[in-house]
Amino acid sequence: MSDAVTTPRTVVKPKTERPRLHKVILFNDDFTPRDFVVSVLKAEFRLNAEQARRVMITAHQRGACVVAVFTKDVAETKATRATDAGRKMGFPLLFGTEPEE
Ligand code: TYC
């Protein structure tokens, strides 16, 4: 057996970073009925009536509104499903995603 000293020179500290969250953004348009926007927000994002109405009105007045934040995959899936719900009814309703800073 050797007497060699085997103390490591560097200590590796495992570091796990949280995945960046992504915002789902609702964009205003001039055609989709307000009540339909509210129903999509309730169904796809599980907002209650008051939250859904507030998000819809904010997008209506300011042009866009953050709906919620999720992991990238979930944000993209929900934005696509919600946009498709509008398209199915012939409305130009649009949801997008954007990484959080
Ligand atoms: N601006 C639409 C209207 O007046 C309602 C609306 C609100 C549409 C928010 C989209 O993201 C939206 N009928």
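For ligands, and for the atoms within them, numbers begin at 1 and follow the listed sequence. Only heavy atoms go into these numbers, but all of them, side chains included; no hydrogens, no water, no symmetry mates. We count residues from 1, following the sequence as given.
- The ligand atoms of ligand 1 that sit less than 4.0 angstrom from a heavy atom of H60 are 1 (N), 2 (C), 4 (O), 5 (C), 7 (C), 9 (C).
- Contact atoms of ligand 1 toward L26: 11 (O) (distance under 4.0 Å to a heavy atom of the residue).
- When only non-hydrogen protein atoms are considered, atom 6 (C) of ligand 1 lies nearest to N28 OD1, 3.4 Å.
- Listed by atom number, the atoms of ligand 1 under 4.0 Å from F27 heavy atoms are 10 (C), 11 (O), 12 (C).
- Using a 4.0 Å cut-off to heavy atoms of R34, the atoms of ligand 1 that qualify are 5 (C).
- Between atom 1 (N) of ligand 1 and the options D29, D30, V55, the minimum heavy-atom separation is to D29.
- Taking a 6.0 Å sphere around CD of E100, one finds it holds more than 12 heavy atoms contributed by other residues, nucleotides or ligands.
- Cluster membership for I57 and V55, using ILVMFWY side-chain heavy atoms within less than 4.5 angstrom, is shared.
- Remark: side-chain polar atoms of K42 are not paired, donor with acceptor, to backbone N or O of A49 under 3.5 angstrom.
- Nearest heavy atoms, F36 versus A85: CZ-O, 3.5 Å.
- The neighbour count for D35 CG, taken as heavy atoms of other residues, nucleotides or ligands under 6.0 Å away, does not exceed 12.
- Within the set I25, T32, I57, the minimum heavy-atom distance to atom 5 (C) of ligand 1 is found for T32.
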Apply side-chain contact (heavy atoms from CB on, under 4.5 Å) to residues K23 and E101 and explain how you reach the verdict. CA-CA 10 Å; K23 299 182 270 194; E101 300 79 44; 3.6 Å; yes
